[in-house]
Chemist: 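One structure is given below, represented as structure tokens, and several questions about it will come after.
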Amino acid sequence: MFQSISWSEYINFLLIALLIYYPAIGLLFYKKELALIIKKRPVNGNGKPGTSSFTEESEDKLLEELREVHHATTHREFAKEELMLTIIQKVKQYTGINKEVVNQFIEEAFPQLEERDRRRIWQ
């Protein structure tokens with residue numbers, strides 16, 4: 001049976017299998033990140049995807065500041081209200097940011113905050 005398959009057919013089969021396998025695995029494990037990237041692309045008035053480097057930079061700065069807050073809160077205990085006020089102050093400094101990305105970061109970094117606390121940040 002194996003004598004009827006040539007090496008070139010075997011290599012072609014492996015290449016095709018790998019070209020299908022790795023993108024499928026990538027989609028399974030990174031579908032949340034891909035969805036965020038797709039949603040994040042703003043659309044210009046003419047309907048074409050645009051670039052928004054200013055909002056991306058401000059979003060990155062905000063996330064960096066929230067990482068610093070997270071790092072500070074892991075080394076000592078913060079009162080929940082004090083943590084909320086700190087996060088609200090940081091968020092209020094930035095406008096036009098992707099709230100979904102920031103909410104996801106806050107949810108993962110600060111599990112002690114409940115859903116109503118996270119909603120209060122954006123009020």
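Predicted model only: the values in this text are computed from it and were never measured.
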Chemist: Please enumerate all residues that pass side-chain contact (heavy atoms from CB on, under 4.5 Å) together with Lys99, with sequence neighbours excluded.
Modeler: Trp122

Chemist: Identify each donor-acceptor pair in which a side-chain atom of residues 12-27 lies under 3.5 Å from a protein atom, sequence neighbours left out, and give them as a table.
Modeler:
residue	atom	partner	partner atom	Å
Asn12	ND2	Ser8	O	3.2

Chemist: Please list all pairs passing the salt bridge (charged side-chain N to carboxylate O under 4.0 Å, His left out) test where one or both residues lie in residues 11-35, with sequence neighbours left out.
Modeler: none

Chemist: For a 4.5 angstrom cut-off between non-hydrogen side-chain atoms, does Ile121 reach Val102?
Modeler: no

Chemist: Which residues satisfy the side-chain hydrogen bond (donor to acceptor under 3.5 Å, both in side chains) test with Arg116, sequence neighbours excluded?
Modeler: Glu114

Chemist: Just to verify, what does Thr74 make a side-chain hydrogen bond (donor to acceptor under 3.5 Å, both in side chains) with, not counting sequence neighbours?
Modeler: none

Chemist: Sequence neighbours excluded, which residues qualify as side-chain hydrogen bond (donor to acceptor under 3.5 Å, both in side chains) partners of Tyr10?
Modeler: none

Chemist: Counting neighbours of NZ on Lys61 that are heavy atoms of other residues, nucleotides or ligands and sit closer than 6.0 Å, is the number greater than 12?
Modeler: no

Chemist: Could you check if a side-chain atom of His71 sits within less than 4.5 angstrom of a side-chain atom of Arg67, using non-hydrogen atoms only?
Modeler: no

Chemist: Could you tabulate the donor-acceptor pairs under 3.5 Å formed by side-chain atoms of residues 104-113, not counting sequence neighbours?
Modeler:
residue	atom	partner	partner atom	Å
Gln104	NE2	Glu108	OE2	3.3

Chemist: Under the side-chain hydrogen bond (donor to acceptor under 3.5 Å, both in side chains) rule, collect the residues that match up with Glu81, sequence neighbours excluded.
Modeler: Arg120

Chemist: Distance-only check: which donor-acceptor pairs under 3.5 Å involve side-chain atoms of residues 84-94, not counting sequence neighbours?
Modeler:
residue	atom	partner	partner atom	Å
Thr86	OG1	Glu82	O	2.9
Lys92	NZ	Gln123	O	2.5
Tyr94	OH	Glu65	OE2	2.8

